Amino acid sequence: MRKWFFAEMGWRAQVRNDFKIGGTYQVDMLDQGLTVFSAHGEYREIVPVTRLTFTWNSAVVQNTLVTIDLRDLGKTTELTLTHRLLPDAKQVTQHAAGWEGCLSNLSAYLSREE
């Protein structure tokens with residue numbers, strides 16, 4: 001997570017992660033000016049290679065829920081991320097941009113690992 005779980009290229013992350021149902025995580029994303037954007041939550045569902053559900057809390061949202069579904073397409077995997085319970089359209093837009101950045105970083109990280 002520390003290698004890709006941040007909103008934009010050039011950022012970095014500090015992560016604490018207890019990856020199990022009921023386990024918690026804390027991610028501190030640092031932008032280039034070292035401003036910290038923190039999120040934390042609890043893992044609610046872990047279904048190996050198909051689904052991950054966790055709560056998402058930050059300074060701007062509390063008790064939201066993220067679900068990541070993975071579908072095997074042979075040589076590739078389809079990833080669907082759903083972030084529920086965001087309070088308003090502004091937060092939906094801002095979180096969508098952040099998730100797009102994280103997923104782009106994940107794709108770049110996995111491409112380097114091949």
Side-chain angles (χ1 to χ4, degrees):
M1 288 172 67
R2 69 179 177 75
K3 295 186 178 188
W4 62 268
F5 204 148
F6 39 85
E8 295 187 30
M9 293 297 287
W11 289 27
R12 60 187 174 94
Q14 297 172 340
V15 178
R16 188 188 53 136
N17 190 24
D18 183 21
F19 188 67
K20 64 183 179 188
I21 294 175
T24 61
Y25 71 90
Q26 168 84 31
V27 61
D28 296 322
M29 295 170 266
L30 292 87
D31 69 12
Q32 292 176 340
L34 300 181
T35 301
V36 178
F37 301 90
S38 296
H40 66 278
E42 178 182 312
Y43 292 105
R44 297 281 179 89
E45 181 180 25
I46 300 171
V47 181
V49 303
T50 59
R51 176 174 274 199
L52 176 63
T53 303
F54 52 94
T55 60
W56 181 268
N57 302 285
S58 70
V60 294
V61 298
Q62 288 75 45
N63 301 315
T64 64
L65 192 64
V66 177
T67 300
I68 298 172
D69 289 301
L70 301 169
R71 193 171 108 197
D72 183 357
L73 300 177
K75 293 184 179 196
T76 63
T77 301
E78 178 182 75
L79 185 152
T80 304
L81 187 147
T82 307
H83 193 159
R84 292 185 179 92
L85 307 176
L86 291 163
D88 54 48
K90 177 181 176 184
Q91 290 304 318
V92 169
T93 299
Q94 289 179 340
H95 281 81
W99 287 118
E100 287 173 15
C102 289
L103 295 176
S104 178
N105 292 332
L106 176 60
S107 179
Y109 173 71
L110 293 174
S111 294
R112 286 192 304 267
E113 294 296 308
E114 293 177 1

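Since the structure is predicted, the reported quantities are computational estimates derived from the model, not experimental observations.
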Is [X] linked to [Y] within one hydrophobic cluster, defined over Ile, Leu, Val, Met, Phe, Trp and Tyr using a side-chain heavy-atom separation of less than 4.5 Å?
X: Val60; Y: Val66; value: yes
X: Phe19; Y: Leu65; value: no
X: Trp99; Y: Met1; value: yes
X: Ile68; Y: Leu85; value: no

Could you report the tightest heavy-atom contact between [X] and [Y], atom names first, then the distance?
X: Val61; Y: Pro87; value: CG1-CD, 3.7 Å
X: Thr67; Y: Arg84; value: OG1-NH1, 3.5 Å
X: Ala7; Y: Asn105; value: C-ND2, 4.3 Å
X: Gly41; Y: Thr55; value: CA-OG1, 3.2 Å

Approximate separation, where rounding is to 0.5 Å, of [X] [atom1] and [Y] [atom2]:
X: Trp4; Y: Leu106; atom1: CH2; atom2: CG; value: 5.0 Å
X: Arg16; Y: Gln26; atom1: CZ; atom2: CD; value: 5.5 Å
X: Leu79; Y: Thr76; atom1: CG; atom2: OG1; value: 11.5 Å
X: His95; Y: Leu81; atom1: NE2; atom2: CG; value: 11.0 Å
X: Asn63; Y: Leu86; atom1: CG; atom2: CG; value: 11.5 Å
X: Met29; Y: Glu8; atom1: CE; atom2: CD; value: 11.0 Å

Report task. Scan residues 33-42 for pairs that pass side chain to side chain donor-acceptor pair (under 3.5 Å), counting only residues two or more places apart or in two chains. Result -> Asp28-Ser38
Once salt bridge (charged side-chain N to carboxylate O under 4.0 Å, His left out) is applied, do any residues pair with [X], and if so which ones, sequence neighbours excluded?
X: Arg2; value: none
X: Asp69; value: Arg51
X: Lys20; value: Asp18

Query raised in the report: Would a distance-only check, ignoring hydrogens and angles, find a side-chain to backbone donor-acceptor pair under 3.5 Å from Ser107 to Leu103?
Result: no
Report task. Identify, with sequence neighbours excluded, every residue that meets ring pair (Phe, Tyr, Trp, His ring centres under 6.0 Å) alongside Tyr25. Result -> Tyr43, Phe54
Requested in this report: Could you tell me whether the side chain of Thr77 reaches within less than 4.5 Å of the side chain of Leu70, counting heavy atoms only?
Outcome: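 In contact.
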Query raised in the report: Under 6.0 Å between ring centres, would you say that holds for Phe5 and Trp11?
Result: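 When the ring centroids of Phe5 and Trp11 are compared, they turn out to be at least 6.0 Å apart.
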Query raised in the report: With ILVMFWY side chains joined below 4.5 Å, transitively, what does Val36's cluster contain besides itself?
Result: Leu30, Leu34
